Engineer: 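Have a look at this one before I ask anything.
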Amino acid sequence: MAQRRYSLFAVAREAMRFHSGWERAWTSPEPKKRYDVIVVGAGGHGLATAYYLGKNHGIRNIAVIEKGWLGGGNTGRNTTIIRSNYLQDPSAALYEKARALYEDLSQDLNYNVMFSPRGLLMLAQTEHEVRGYKRTVHANTLQGVETEWIDAKRVKDLVPIINIDGPRYPVLGALYQARGGTARHDAVAWGYARACSAMGMDIIQQCEVTGIRTANGRVQGIDTTKGAIDCGKLAIVVAGHSSVLAEMAGFRLPIESMALQALVSEPIKPCMDVVVMANTVHGYMSQSDKGEMVIGGGTDGFNNYTQRGSWQHIEETVRALIETFPMISRLKMLRQWGGIVDMTGDRSPILSTTPVENIFVNCGWGTGGFKAIPGSGWAMADLVARGQPGPLAADFGLNRFREGRFIDESVAAGVAH
Amino acid sequence: MLTLTCPYCGVKAEETELAPGGEAHLKRSGPGSSDEEFESYLFARKNPKGVHFERWRHSYGCGKWFLAARCTATLEVFGTYPAQTPAPTPDILAAIKAKRPEWEGYE
């Protein structure tokens with residue numbers, strides 16, 4: 001469908017006629033009988049996959065199928081942090097591609113995703129972390145990712161509210177990525193959805209996949225709560241429910257689904273204009289544009305599909321952050337929520353072909369998928385269009401588990417993403 | 001908050017007293033096994049949305065490993081049993097069937 005561009009002129013025009021001319025950002029069509037590509041999952045990764053299939057590869061006969069509502073899974077439940085300071089080369093390439101795409105994503109989509117490269121610090125609070133992060137800085141320099149090691153005094157300058165000489169875990173320095181930051185998570189999904197809809201793709205919400213039809217080891221189509229739909233290719237981009245979809249297609253994934261929680265405080269005046277991650281004590285915090293302190297911590301350790309986490313993890317995270325930021329101790333918690341994250345053994349994602357021909361999976365982003373959305377969509381579109389991974393996705397195949405060729409970020413990046 | 005009864009010491013333990021240990025009843029692959037078998041043993045997981053058998057350790061109690069049957073979609077616990085059990089016991093299977101008649105059974 002043809003869309004009017006969002007612009008200052010459009011705002012002025014609508015101001016003159018009581019905002020009666022705004023169109024719906026995307027259509028809500030009934031599914032057709034057949035599509036060239038079906039993407040399951042209308043979160044950030046699924047919509048970005050569809051968008052770059054259309055933009056980079058000219059494939060536009062696409063349906064994006066969503067069980068719930070668009071962007072209502074982990075895309076709407078994360079802490080919106082964007083960074084690319086990874087140790088391993090394949091990860092740095094993929095996450096830096098994503099971060100670089102975020103830089104002008106608002107212009108590209110004609111939708112304000114509010115990318116804010118406000119700077120991101122990963123605190124080093126033990127000697128081991130100091131050595132680890134200095135190594136990461138060297139690795140990033142070789143990879144072309146701009147990060148630097150900064151000392152405790154510089155940390156205090158950047159984050160005046162921090163307590164750098166705590167008794168147990170004093171701040172010894174930090175890994176600093178000046179162009180890391182945050183973006184408006186919902187807007188990323190909405191912007192991609194609008195752009196996909198403008199290219200003539202169908203975004204079908206409230207439509208759950210109930211089965212995957214295959215014949216002779218090749219995908220034929222899917223069964224959904226809105227009827228059967230045939231497809232040439234199928235991309236499964238469903239995060240926490242990846243194992244459920246893989247089961248329908250007849251294979252298993254090296255994935256465990258677990259609950260990860262986040263919370264926000266009541267809104268307060270601006271007090272911290274960077275993102276701070278403290279991996280040793282396990283908490284991370286930034287301040288949203290509304291003034292809420294956005295706080296995230298660790299996952300629960302057991303399989304869980306309920307989108308509810310265990311209370312003691314919230315308590316642990318808050319306890320750790322109060323040591324690091326004493327001034328937040330009197331803040332009230334405003335909201336708390338959970339999402340289901342898909343954890344792999346090496347804490348790196350899977351972008352891969354599968355045992356079934358023309359089924360592709362994009363999953364395993366675990367606790368750190370939001371930052372990767374544009375790069376993930378870019379690499380996944382390449383994989384789906386050509387049927388084999390391009391340079392960005394090559395190392396992230398399922399075969400790495402059989403071959404023992406891990407991209408081990410669980411050790412390199414600590415636990416928090 | 002999850003509460004499991006330790007089958008050894010009989011204590012009703014809540015989850016801060018316990019350590020999760022992943023999927024239960026994995027068949028260990030020995031020397032001479034193929035790459036596929038090792039991959040399946042080490043990495044491929046059922047990760048079901050529903051009835052799940054898993055390992056837990058009563059780490060701040062008796063310290064022993066035990067097994068639990070639990071629903072990952074509701075967090076309902078069907079029962080716990082000792083770790084020296086190669087497959088789910090008939091008691092556990094009956095307890096699950098009573099609450100989940102549509103469950104397809106342990107494969």
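Everything numeric here is computed off the predicted structure, so don't read it as measured data. Below, read A as the first sequence line, B as the second, and so on, with proteins coming before strands; counting in each chain starts at 1.
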Engineer: Any chance CH2 of A:W69 has more than 12 other-residue heavy atoms, nucleotides or ligands included, within less than 6.0 Å?
Structural biologist: no
Engineer: Taking all heavy atoms of A:S243 and all of B:K46, pick out the closest pair and write down the distance.
Structural biologist: CB-O, 4.1 Å
Engineer: After noting the C-alpha distance and the side-chain angles of A:N303 and B:T72, does the key distance pass the side-chain hydrogen bond (donor to acceptor under 3.5 Å, both in side chains) rule?
Structural biologist: CA-CA 6 Å; A:N303 298 45; B:T72 61; over 6 Å; no
Engineer: Within this structure, what is the CD1-CZ distance for the pair A:I255 and B:R45, rounded to the nearest 0.5 Å?
Structural biologist: 12.0 Å
Engineer: Where is the tightest heavy-atom contact between A:S257 and B:N47, given as atom of each residue plus distance?
Structural biologist: OG-ND2, 2.9 Å
Engineer: Answer with side chain, backbone, both or neither: which region of B:L42 has an atom nearer than 4.5 Å to a non-hydrogen atom of chain A?
Structural biologist: neither
Engineer: For the OG atom of B:S34 and the CZ atom of A:R402, what is their distance to the nearest 0.5 Å?
Structural biologist: 8.0 Å
Engineer: Using ring centroids (six-membered ring only for Trp), state whether A:F401 and B:F38 fall under 6.0 Å.
Structural biologist: no
Engineer: What part of B:T74 is in contact with chain A, defined as an atom under 4.5 angstrom from a non-hydrogen atom: side chain, backbone, both or neither?
Structural biologist: backbone
Engineer: For each of A:E247, A:E256, A:H241, A:Q307, tally heavy-atom pairs with chain B at distances under 4.5 Å, and name the one with the top tally.
Structural biologist: A:E256
Engineer: Quick one, B:E15 and A:F302 - any side-chain contact, counting heavy atoms below 4.5 Å?
Structural biologist: yes
Engineer: Apply the test side chain to side chain contact (heavy atoms under 4.5 Å, CB included) to residues A:E403 and B:E39: give CA-CA distance (whole Å), side-chain angles for both, the deciding distance (0.1 Å), then the verdict.
Structural biologist: CA-CA 8 Å; A:E403 294 162 8; B:E39 182 193 18; over 6 Å; no
Engineer: Is the count of non-hydrogen atoms from other residues, nucleotides or ligands lying under 6.0 Å from B:K27 atom NZ greater than 12?
Structural biologist: yes
Engineer: Please flag which part of A:L398 lies under 4.5 Å from any non-hydrogen atom of chain B: side chain, backbone, both or neither.
Structural biologist: backbone
Engineer: Take a 6.0 Å sphere around OH of B:Y60 and say whether it holds more than 12 heavy atoms from other residues, nucleotides or ligands.
Structural biologist: no
Engineer: Say you draw a straight line from CG of A:N304 to CZ of B:R70; how long is it, rounded to the nearest 0.5 Å?
Structural biologist: 6.5 Å
